[in-house]
Amino acid sequence: MKRGFYTIMSAQLFSSLADNALFVAAVELLRTSGAPEWQRAALVPMFALFYVVLAPFVGAFADALPKGKVMFVSNAIKIVGCLMMLFGSHPLIAYAVVGLGAAAYSPAKYGILTELLPASQLVKANGWIEGLTIASIILGVLLGGQLVGQHLSAALLSIDLPMIDTGVDTAAESAIAALILVYALAAWFNTRIPHTGVEMRPLRQNPQRSILSNTLALLPDFWACNSRLWRDKLGQISLSTTTLFWGAGGNLKFIVLAWAGVALGYNTTQASALTGVVAIGTAVGAVAASMRMRLDMATRVIPLGITMGLLLILMVFISNIWVAIPFLILLGGLGGFLVVPMNALLQHRGHNLMGAGRSIAVQNFNEQACILGLGAFYSLSLKLGLSVFGAITVFGVVVAGIMLVIQRWHASNCRNHSEELNHLLHIARQDTHH
């Protein structure tokens, strides 16, 4: 890998570490303030909100500037969200602002890979970045759990600044304050990311129009890119698969917290460790996929998605921690092995069709819309009185059913569009076409 790749990895590690620790801190902040269960579940879709709303704009923004600069600005926005959470804003609103920073960050984070590396290294690079992201999830949820735990929070709260009243008085607030420093470290790494030499695609500006009109002019371009990727016979399958995976996986971190509280009687600190267990499995699956899979083999992993949905249903019958740990590792492992080759294939098709930043923005729009939709569905299930076990069961049925539809869709493409698929797979095997 090129030298700049490891700087990108360092920036991603600390930014994602803070994102995941902040989720645990926000859950604890809502819990200790007496907020209902459905509001805690709503944290996930609120984080996804700006991914969906700003998707037509963040891709073009990422293509118009050096990716390192875009990532720096994004981490600064996340710090603003943390400060809002500390100083009076409702946690759901403040967490949505953090999601705004993440929405701007993602097209740059993934888009820079296709600028820096050839196609033959994309699966390997995705294995690295997904593995590192999963490692940061493990460390992040563990860090978040410890920051809101009794011992570490007491040490943080004992720190006094002379003549300054910070207003930080609870364990959750002290955790959020500490995570601002982690975001600042990630922002520093962003400043060290090299320019890839790829020509920027400046935003189209008409001096005769207002800023709002110029901004809205990006909408037709975004929808054209979205339609182009959905019409592509490989792009549509990889996009639908990763969309569903992240829709389910994005909500799984809260589902595990809720399930651990009901099935095992765990508090936030204990339950956060189980979220890390799922992430361990995902990391193993991601590394295995990066070693064994190629772009032209990516569609073979679709059945794993159906299995994941069925395993979610089985989770409601587990009440023993020693059964839960290997089960959650297996669940995460299947997800990691599924998403790495599919994500790489989607990046490859998107880069060929429209450019890295716009491609990732389209991907984020669809994936985060799925997180938003499934998260709202899960939160509404709880608000309407369904038990945690009942909501998890329905959630698993929906995931398995949609993945089965995707599998049949791809089988239909293989029968009816075999010549086009063979051509696209041939391109996937050639670095020169990337």
Ignoring hydrogens, what is the shortest heavy-atom contact between [X] and [Y]? Give both atom names and the distance.
X: Pro45; Y: Gly375; answer: CG-C, 4.0 Å
X: Val399; Y: Gly305; answer: CG1-O, 4.3 Å
X: Val277; Y: Ile325; answer: CG1-O, 3.6 Å
X: Ala248; Y: Phe395; answer: CA-CZ, 3.8 Å
X: Met84; Y: Ile93; answer: CE-CG2, 4.4 Å
X: Val148; Y: Ala175; answer: CG1-CB, 4.0 Å

For this session: For Phe14, enumerate each residue passing the ring-ring contact (aromatic ring centres under 6.0 Å, His included) test, keeping only those at least two apart in sequence or located in another chain.
Result: Phe189
Exercise. Residues in ring-ring contact (aromatic ring centres under 6.0 Å, His included) with Phe47, at least two apart?
Worked result: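 ring-ring contact (aromatic ring centres under 6.0 Å, His included) check on Phe47 returns Tyr95.
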For [X], give me all partners under side chain to side chain contact (heavy atoms under 4.5 Å, CB included), at least two apart in sequence or on another chain.
X: Arg415; answer: Ala411, Ser412
X: Phe327; answer: Leu311, Leu314, Met315, Ile318
X: Ser238; answer: Met342, Leu345, Leu346
X: Ile180; answer: Ile79, Cys82, Leu83, Leu86

Spatial distance of atom [atom1] ([X]) from atom [atom2] ([Y]) [nearest 0.5 Å]:
X: Gln236; Y: Thr243; atom1: CD; atom2: OG1; answer: 12.0 Å
X: Leu384; Y: Trp38; atom1: CG; atom2: CH2; answer: 11.5 Å
X: Tyr183; Y: Asn190; atom1: OH; atom2: CG; answer: 12.5 Å
X: Leu54; Y: Leu100; atom1: CG; atom2: CG; answer: 6.0 Å
X: Thr299; Y: Ile406; atom1: OG1; atom2: CD1; answer: 12.5 Å

For this session: Tell me, yes or no, whether the heavy-atom count around Gln146 atom CD, taken from other residues, nucleotides or ligands under 6.0 Å, exceeds 12.
Result: no
Exercise. Does Lys233 NZ have over 12 foreign heavy atoms under 6.0 Å away?
Worked result: yes
Exercise. Would Leu328 and Trp259 satisfy side chain to side chain contact (heavy atoms under 4.5 Å, CB included), going step by step from the backbone distance to the final call?
Worked result: CA-CA 12 Å; Leu328 293 175; Trp259 167 81; 4.3 Å; yes
Exercise. Would you say Val262 and Phe389 make side-chain contact, with heavy atoms under 4.5 Å?
Worked result: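 They are in contact (side-chain heavy atoms under 4.5 Å apart), so the answer is yes.
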Problem set entry | Trace of the side chain to side chain contact (heavy atoms under 4.5 Å, CB included) decision for Met46 with Gln39 | CA-CA 10 Å; Met46 286 302 289; Gln39 283 196 16; over 6 Å; no
Seminar exercise, completed: side chain to side chain contact (heavy atoms under 4.5 Å, CB included) with Leu334: of Thr282, Thr307, Val301, only one passes, and it is Thr307
Seminar exercise, completed: side chain to side chain contact (heavy atoms under 4.5 Å, CB included) with Met308: of Leu338, Leu330, Leu252, Leu244, only one passes, and it is Leu338
Problem set entry | Residues Trp246 and Asn366: side-chain donor-acceptor under 3.5 angstrom | no
Problem set entry | Pairing residues for Arg31 by the salt bridge (Lys or Arg N to Asp or Glu O under 4.0 Å) criterion, not counting sequence neighbours |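 Once residues adjacent in sequence are excluded, the partners of Arg31 under the salt bridge (Lys or Arg N to Asp or Glu O under 4.0 Å) criterion are Glu28.
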For this session: For residues 35-50, pull every pair meeting salt bridge (Lys or Arg N to Asp or Glu O under 4.0 Å), keeping only residues two or more places apart or in separate chains.
Result: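 The answer is Glu37-Arg40.
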Return the set of residues passing side chain to side chain donor-acceptor pair (under 3.5 Å) with [X] (not counting sequence neighbours), or none when no residue passes.
X: Ser15; answer: Asn75, Lys78
X: Trp188; answer: none
X: Gln407; answer: none
X: Asn320; answer: none

Problem set entry | Exam field: side chain Gln270 to backbone Asn267, donor-acceptor pair closer than 3.5 Å |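 Side chain of Gln270 to backbone of Asn267, a donor-acceptor pair under 3.5 Å: yes, one is there.
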